[in-house]
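In the text below, chain A, chain B and the rest are named by the order of the sequence lines, each starting its count at 1. All values reported here derive from a predicted model rather than from experimental measurement.
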Amino acid sequence: MAAPYDREDGLPPAAPPHGADAYDPNYVPDSVKTFVAHLYRHIRDKNVYEIHQMYEGGFQRLSERLFRDAPWPSAEAVAPYCDGDHVFLLLYRELWYRHAHARLSPLTAANRAESWTNYCDLFSVVLHGVVNMQLPNQWLWDMVDEFVYQFQSFCQYRAKLKNKTEDELQQLKQFDKAWNVYGVLNYLQALVEKSMITQILEREKEGLEQFTATDGYDYEGGSNVLKVLGYYSMIGLLRIHCLLGDYHTALKCLAPIDLNQQGVYTIVIGSHISTIYHYGFANLMMRRYVDATREFNKMLLYILKYKQYHQKSPQYDQILKKNEQMYALLAICLSLCPQNKLIDENVSTQLKEKYNDKMTKMQRYDDEAYAAYDELFSYACPKFITPSPPVLDQPLTNYNQDAYRLQLKLFLYEVKQQQLLSGIRSYLKLYSTITIGKLAQYMEMDEAMLRSILMTYKHKMHAVDSDGKIVSSADFDFYIVEDVIRVVESKPTKRHGDYFLRQILKFEEMIGELEKVQFD
Amino acid sequence: MATDQTAETYTVEDLVALNPYNPDILNDLEKFVNEQVASQTYNLDANLSLLRLYQFEPERMSVQIVASILIKALMAMPGPDFSLCLFLIPEHVQMEEQFKTLIVLSHYLETARFSKFWDEAAKNRHILEVVPGFEQAIQAYAIHVLSLTYQKVPRPILAEAINIEGLALDKFLEYHAANSGWIIEKGRQSQVIVLPRNEINHPELKKNTADTVPFEHVTRIFPVLS
């Protein structure tokens, strides 16, 4: 029997697959032979249901049982069981490297470079070849998600130069083209363009095309792969631009997807969560707190209702993690821009349980407040990256935290500017009319300072949206006539329209359930 | 290879829309920034694309161009363009003197400390006069914030916010009275300027939008209705 796999050994370079001396890439257990043969046949038969079962279930089970700490057999070794099919082997390798990234850290630069090459080959086939498969949406989403993840992971890896060995540095020099940011972005952009997904979505609105209605699948004998990869690539681009700190472009990439409707992005829960998390985060950094709050609320409510159904899925841990992060971001949004009408009660209860103390601190705007903002932001933010390759001849440092530190610093800077506003809120709620002079006296500041703060409140609470309109997010408001401040009383408004809409949908759901009940 | 010829057949906006992740368009984007400065126009998308390319290839960054982009972004207030740009500029670059100055200026504008702003701007005229139209853009922003806040603003407050005094201010007020609907009245201690009514400084004008339902939400029940 093979000796136990020793991860500490330097992995032999270049030729795939990699493993310690104990791992035999050519040894294929019987269960793997069957797995490969069946998966290959299901793909040829376009049996999406069976493919999904094997992909979600079979692959995970075999990985748990046989390959907990070892790579799967090499593509060359399993080739005989799938007719050596070139495209199937690209898919197999994608799974191979995904497994390696998840279980066999740390990977060398050479390993990562090979995975990059495989993605290039795979995407090139999809973009240029005529791919005739139908693959489950879960698999296609995981492909794009993993692609972005491995890019992010590589950027983090190569930015930690301090403790790298000569060999590792040599590999970084050798594989300097792997995971270059231009390539990554251009592949995703190419998938979006070649699939013509934006045009498809436009035409769908006018009833000229079926896409969402069929969950992205093609029932006319064609393939769903390019279209759905193109669709998911929009979310991939949203994510990468967030990692780079370009929130404006991130939201632009997502623009063709209408978040007010169900869509292909809601079919796979991983894609639903990733979309809303990054959308919300981008809006938060652009100071559009109300938009972020609204979407976080919807997503958190959804997770609350449906997470029990995903307990057995391999994505469950990720779902829980993102759930916690979104509560943290929601706490930040509500502290900077209080809203009393937007949050569902169940979400509000959860939020209070998790962050009541922190939110009280954050609304105080002193040093403890900054610490709380810092903590929540650092916990919940994406893993920002520095996209440029390292310069390898200077003294070696770790600069993998630089991007994160910049975003955090600018975020806290914004928090500081809003520090002035908390006092205003508490004081003005006590008066319907007060002169500037009097209020300045109570707040122990000079009139000029007070006037600045009042204008700052107006500026911060009234954003200019993408159409140039002014949108107010103020929970209470005022105006000034000469030197008298008049506070506007906000009457709690009953949102009848919204209430009826919700009830209609709820009853429709219930009727649907009842109709399904069969009497014997 | 993108040559001058290519730049003539495609506009820069085309390049940014069709092929943004392309190191070859960097020079075109830099030229475009200078064009925006010269012709007093502005394009956020193109400037963000350039800052992104500088992120990918830090050796090619031009400090002068970045400064112009930031000044243009300041002029776009109340939009958040300035911070959107800062998110893309490495920390060590932001430590340079002229960028620290621009950040301070942005801070004063964000917190409506107009008199401090104009003082600091005067001290740094050499950085700012590179971009024509700067003063007017900031004055427009100041008036915007005043319009959100005041129904009637005392003359000295307006003067401080837009950095215009005396006869020049009289002319300015005359112009806006004729063209922007401003009304000049006698107030308790000085002249007051009645600014045009809008939803923000006249909340009673606000339609009860709280109960209107956006069309997108209504579409959610279309499947039910059919």
Side-chain angles (χ1 to χ4, degrees), chain A residues 180-182 185-186 189 241 244-249 252 258 260-261 285-287 341 386-388 402 405-407 409-410 413-414 417 420 448-449 451-460 462-464 470 472 477-483 486 488 493-498 501 504-505 508, chain B residues 19-23 44-45 48-49 51-52 55-58 78-81 83-84 86-91 94 107 110-115 145-146 148-154 157 160 187-189 192 198-203 208 210-214 216-221 223-224:
Chain A
N180 70 89
V181 63
Y182 287 113
L185 287 167
N186 278 317
Q189 181 73 6
H241 283 291
L244 296 173
D246 188 349
Y247 306 109
H248 175 90
T249 310
K252 268 188 89 173
D258 180 1
N260 288 311
Q261 306 271 5
M285 296 305 270
M286 291 181 69
R287 306 188 227 153
K341 298 268 174 275
T386 306
S388 53
D402 286 3
R405 272 202 291 262
L406 174 63
Q407 302 298 314
K409 176 175 166 181
L410 293 173
Y413 191 67
E414 177 67 29
Q417 284 179 354
L420 313 159
M449 184 68 183
R451 269 184 259 120
S452 285
I453 295 178
L454 291 169
M455 285 196 281
T456 307
Y457 179 86
K458 285 292 198 170
H459 167 60
K460 294 287 187 191
H462 293 86
V464 182
I470 300 180
S472 163
D477 218 340
F478 63 87
Y479 58 93
I480 309 183
V481 181
E482 208 167 341
D483 61 343
R486 302 237 174 95
V488 179
T493 45
K494 291 195 195 290
R495 304 177 61 101
H496 292 121
D498 236 24
L501 276 181
I504 291 174
L505 289 172
E508 191 63 20
Chain B
N19 195 5
Y21 313 122
N22 178 0
L44 175 65
D45 285 318
L48 288 178
S49 295
L51 290 176
R52 204 189 309 135
Q55 235 193 0
F56 299 167
E57 296 178 81
D81 299 23
S83 35
L84 293 181
L86 279 190
F87 286 132
L88 297 176
I89 301 173
E91 210 172 332
Q94 293 188 25
H107 179 73
E110 286 284 338
T111 53
R113 291 197 179 95
F114 291 112
S115 85
V145 179
L146 289 173
L148 291 179
T149 316
Y150 288 90
Q151 283 185 4
K152 295 188 187 177
V153 57
I157 312 258
E160 184 187 72
R188 264 174 282 192
Q189 285 162 337
V192 289
N198 58 50
E199 274 182 17
I200 317 288
N201 63 13
H202 277 81
N208 185 12
D211 206 15
T212 56
V213 181
E216 301 87 53
H217 292 185
V218 178
T219 58
R220 277 188 285 159
I221 61 167
V224 180

Going from [atom1] on [X] to [atom2] on [Y], what distance comes out if it is rounded to the nearest 0.5 angstrom?
X      : Y      : atom1 : atom2 : value
B:T111 : A:M449 : OG1   : CE    : 7.5 Å
B:Q55  : A:S388 : CD    : OG    : 8.0 Å
B:D81  : A:H248 : CG    : NE2   : 8.0 Å
A:N186 : B:N22  : CG    : CG    : 7.0 Å
A:H459 : B:L148 : NE2   : CG    : 9.5 Å
A:L454 : B:Y150 : CG    : OH    : 7.0 Å

Among [options], residue most engaged with chain B (heavy-atom pairs, under 4.5 Å):
options                        : result
A:I504, A:D483, A:D246, A:D402 : A:D246
A:E414, A:R405, A:H241         : A:H241
A:L505, A:I470, A:V481, A:L185 : A:L185

Quick check on [X] against chain A: is it the side chain, the backbone, both or neither that has a heavy atom closer than 4.5 Å?
X     : result
B:Q94 : side chain
B:L51 : neither
B:R52 : side chain

Q. Quick one: do A:K409 and B:E91 make a salt bridge, cutoff under 4.0 Å?
A.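 Yes.
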
Q) Does A:E482 use its side chain to pair, donor to acceptor, with the backbone of B:R188 at less than 3.5 Å? A)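 Side chain of A:E482 to backbone of B:R188: a pair is present.
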
Q.
Please give me the minimum heavy-atom distance between A:S452 and B:A112, naming the atom from each residue.
A.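 Minimum heavy-atom contact is OG-O, 3.0 Å.
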
Q) What are the two closest heavy atoms between A:G245 and B:F87, and how far apart are they? A)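 Here A:G245 and B:F87 meet closest at O-CB, 3.3 Å.
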
Q. Hey, mind stepping through B:N19 and A:Q189 against side chain to side chain contact (heavy atoms under 4.5 Å, CB included) and telling me if it holds?
A. CA-CA 9 Å; B:N19 195 5; A:Q189 181 73 6; over 6 Å; no

Which of the residues [options] is involved in the greatest number of heavy-atom pairs with chain A at under 4.5 angstrom?
options                      : value
B:L146, B:V153, B:L44, B:D45 : B:D45
B:E110, B:E160, B:Q189       : B:E110
B:T149, B:L88, B:V192        : B:T149

(Q) Given heavy-atom pairs under 4.5 angstrom as the criterion, report whether the side chain, backbone, both or neither of A:V181 touches chain B. (A)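 Answer is side chain: those atoms of A:V181 sit under 4.5 Å from chain B.
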
Q. Can you say whether A:Y457 sits under 4.5 Å from chain B via the side chain, the backbone, both, or neither, judging by heavy atoms?
A.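 Neither the backbone nor the side chain of A:Y457 comes within 4.5 Å of chain B.
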
Q) Can you name the residues that form a side-chain hydrogen bond (donor to acceptor under 3.5 Å, both in side chains) with B:S49, not counting sequence neighbours? A)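 Testing B:S49 for side-chain hydrogen bond (donor to acceptor under 3.5 Å, both in side chains), a comparison that skips the adjacent residues, returns none.
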
